Amino acid sequence: MPELPEVETVRRGLERHLVGRRIERVEVGRERTVRRTSSEAVIAGLTDTVVVAADRRGKYLLLPLDSGDTVMIHLRMSGQVLLAPGGAVRPLHTHVVLHLDDGHEMWFVDPRTFGEVVVFDPDRVAAEVPALAALGVDPIAEPFDTRALRRAFGTSSRALKPLLLDQHVVAGIGNIYADEILHRARLRPDRPASSLDGRRRRILRQSIVDVLAAAIEAGGSTLGDAQYVDLMGASGSYQDEHRVYGRGGERCLTCRRGWVRRSVTGGRGTHWCPVCQR
DNA sequence: AACTGTCCCTGCAAGC
DNA sequence: TGCTTGCAGGGACAGT
């Protein structure tokens with residue numbers, strides 16, 4: 001499941017291999033992937049433009065073009081962005097193909113089709129991609145000090161886990177990293193945000209930064225089912241460092257006393273150790 | 001404001 | 001072996 005570290009890994013690949021390239025031709029094979037606008041709009045918006053940068057905010061990939069427009073790619077659950085030699089055999093569920101001026105192709109592959117591609121005018125972001133305009137602080141790309149966390153968490157009575165998952169609050173954290181962050185911070189996922197004192201808020205802030213940085217360093221997490229891979233098709237390795245995610249029923253690796261619990265909150269699996277997370 | 005549930009979709013694993 | 005069922009999840013949305 002691509003979250004901030006996976007999207008950042010893809011962004012770095014795009015920065016190296018896509019920026020500066022001219023898009024000569026575009027194919028859209030599935031309307032649902034471009035549902036925010038249309039095949040025609042995406043093809044017209046991309047054809048004969050040059051990608052001038054590779055940015056990211058939260059889980060959103062943002063590629064400004066020399067036309068003044070920006071391409072937004074969201075991988076959601078199962079999206080992949082892959083670079084391939086021209087004419088290579090495409091995987092099943094390749095929905096968008098960009099033909100580049102260096103002979104390569106960029107593929108957007110997405111079995112579950114939650115992901116999307118849109119070309120929009122960044123001056124009209126609030127109208128065209130409201131969720132992007134409403135995003136909270138990005139803990140890696142933007143200054144993220146204790147004050148930012150205090151502003152984000154404020155005196156909210158909400159539990160920590162749903163708050164971490166809320167993209168309006170902190171951008172880029174999904175289910176895997178929320179569980180890992182809370183475990184590192186030794187905080188229970190159901191603990192109300194308003195119960196944190198300044199010291200615990202600082203610990204949580206540091207855990208957010210540390211877990212995300214370590215995961216980026218490892219190239220993200222590649223799990224069995226959704227098969228996240230980077231631009232060149234390589235797997236990440238942070239799954240080997242998961243302490244609680246996917247470890248329900250196992251002995252806690254941190255305290256070696258508790259058993260990792262798996263519960264469901266808001267329809268999402270939540271993994272945590274009742275002994276070391278309080 | 002905060003919560004719960006539903007939907008979108010496919011691949012995979014478990015169970016019969 | 002071959003079917004059916006359940007589950008995974010980000011985010012939009014509706015209802016309470």
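Side chains are part of it too, since the values below use all heavy atoms of this structure and drop only hydrogens, waters and symmetry mates. So that the names make sense, note that chain A is the first sequence line, chain B the second, and so on, each numbered from 1. Computed from a predicted structure; not experimentally measured.
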Whole-Å gap separating P (C:dA12) and CZ (A:R36): 8 Å
Among B:dC9, C:dG9, B:dT10, the one nearest A:R32 by side-chain distance: B:dC9
A:M77 atom CE is separated from C:dG9 atom C1', nearest whole Å, by 3 Å
Checking all strands, does A:G115 fall into the base, sugar-phosphate, or nothing category for heavy-atom contacts under 4.0 angstrom? nothing
Distance (rounded to the nearest 0.5 Å) between A:L187 CG and A:Q277 CD: 7.5 Å
Which nucleotide in the set B:dG11, C:dA12, C:dG10 lies at the smallest distance from any side-chain heavy atom of A:Y60? C:dA12
Quick one: closest heavy-atom pair of A:V229 and A:V10, and the distance? O-CG2, 4.4 Å
In Å and rounded to the nearest 0.5 Å, what is the CZ to CZ distance from A:R36 to A:F120? 9.0 Å
Answer yes or no: is there a side-chain heavy-atom contact under 4.5 Å between A:T70 and A:E128? no
Give the rounded distance in Å between these two atoms: NZ of A:K161 and C1' of C:dG10. 12 Å
Considering just the side-chain nitrogens and oxygens of A:R76, establish if one lies under 4.0 Å of OP1 or OP2 belonging to B:dC7. no
Residue A:R268, side-chain atoms from C-beta onward, closest of B:dA2, C:dG9, B:dT10: C:dG9
Please tell me whether A:Q239 and A:T222 have a donor and an acceptor in their side chains that are separated by less than 3.5 angstrom. no
Mutual orientation of the aromatic rings belonging to A:H95 and A:F108 [parallel < 30°, tilted 30-60°, perpendicular > 60°]: tilted
Of the options C:dG11, B:dC9, B:dT10, whose atoms approach the side-chain atoms of A:T113 most closely? B:dC9
Taking any heavy-atom pair under 4.0 Å as a contact, classify A:R35: base, sugar-phosphate, or nothing. nothing
Nearest-Å distance for atom pair CG/P, residues A:L223 and C:dA8: 13 Å
Considering only heavy side-chain atoms of A:H74, the closest of C:dG11, B:dA2, B:dC9 is C:dG11
Which nucleotide, B:dA2, B:dT10, C:dA8, lies nearest any side-chain atom of A:H93? B:dT10
May I ask you to evaluate whether A:S156 reaches the phosphate of B:dA2, defined as a side-chain N or O under 4.0 Å from OP1 or OP2? yes
Kindly point out which of C:dG10, B:dA2, C:dG11 is positioned nearest to the side chain of A:Q167? C:dG11
When all nucleic acid strands are considered with a 4.0 Å heavy-atom cut-off, which category describes A:Y177: base, sugar-phosphate, or nothing? nothing
Atom-pair distance (CG on A:L4; P on C:dG9), nearest Å: 18 Å
Would you mind reading off the distance between A:N175 atom CG and C:dG11 atom C1', rounded to a whole angstrom? 13 Å
Gap between atoms NE2 and P, on A:H168 and C:dG11 respectively (whole Å): 10 Å
Testing B:dG11, B:dC8, B:dA2 for proximity to the side chain of A:F114, the answer is B:dC8
A:H95 NE2 to B:dC8 C1', in whole Å, measures 13 Å
